[in-house]
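Nothing here was measured: the structure is a model prediction, and the numbers come from that model.
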Amino acid sequence: MANVNELNEKERATLLADHPEWELTREEKAITRTFQFGDFSEAWGFMSRVALLADRQDHHPEWFNVYAKVEITLTTHDAGGLSQRDATMARAIDQLV
């Protein structure tokens, strides 16, 4: 895998401006968003679509699911924090909902 650089402060601000539903977490090293669906089936379908995106991008989210709620956290471990890969994944996830 190629060297992945962590986003600087200005790049993180741009990421959040472009994706206002996402919030910084983990000392500004990750972003998270909670999705609420009508039922478990809708949540599972969404998770399945995200999983396909993640495999195509080779960038897998951390997530938590309880019934109709899905919480996704994005960070790039290789970069030690947020990277352009997270911005790309957030954009792709946002397009699913």
Task: Same apolar cluster (I L V M F W Y, side chains within < 4.5 Å links), V97/V70 - done: yes

- [ ] Output the distance between atom CZ (R85) and atom CG (D78), rounded to the nearest 0.5 Å.
- [x] 7.0 Å

Task: Shortest non-hydrogen contact between A54 and P61, atoms and distance - done: CB-CD, 3.8 Å

Task: Heavy-atom neighbours of E23 CD exceed 12 at 6.0 Å - done: no

Task: Validation row: Q57, T88 side chains within 4.5 angstrom (heavy atoms) - done: yes

Task: Same apolar cluster: L74 and L53, side chain cutoff 4.5 Å - done: yes

Open item on the list: One pair to check against side chain to side chain contact (heavy atoms under 4.5 Å, CB included): R49 and Q95. What are the steps and the verdict?
Closed with: CA-CA 11 Å; R49 291 188 301 277; Q95 292 174 354; over 6 Å; no

Open item on the list: How long is the straight-line distance from CD1 of I93 back to CG of D86, given to the nearest 0.5 Å?
Closed with: 9.5 Å

- [ ] Find the distance between CD (E21) and CD1 (I31) and round it off to the nearest 0.5 Å.
- [x] 10.5 Å

Which atom pairs, donor and acceptor, lie under 3.5 Å between side-chain atoms of residues 11-18 and protein residues at least two apart or in another chain?
unit_1 : atom_1 : unit_2 : atom_2 : d
E11    : OE1    : N8     : N      : 2.8
R12    : NH1    : L7     : O      : 3.1
R12    : NH2    : E28    : OE1    : 3.3
T14    : OG1    : K10    : O      : 3.1

Open item on the list: For residues 36-66, which residue pairs pass the ring-ring contact (aromatic ring centres under 6.0 Å, His included) check, not counting sequence neighbours?
Closed with: F35-F46, F37-F46, F40-W44

Task: Within one Ile-Leu-Val-Met-Phe-Trp-Tyr cluster: W22 and L96, side-chain cutoff 4.5 Å - done: yes

- [ ] Could you name each residue pair satisfying side chain to side chain donor-acceptor pair (under 3.5 Å) that touches residues 65-75, not counting sequence neighbours?
- [x] T32-T73

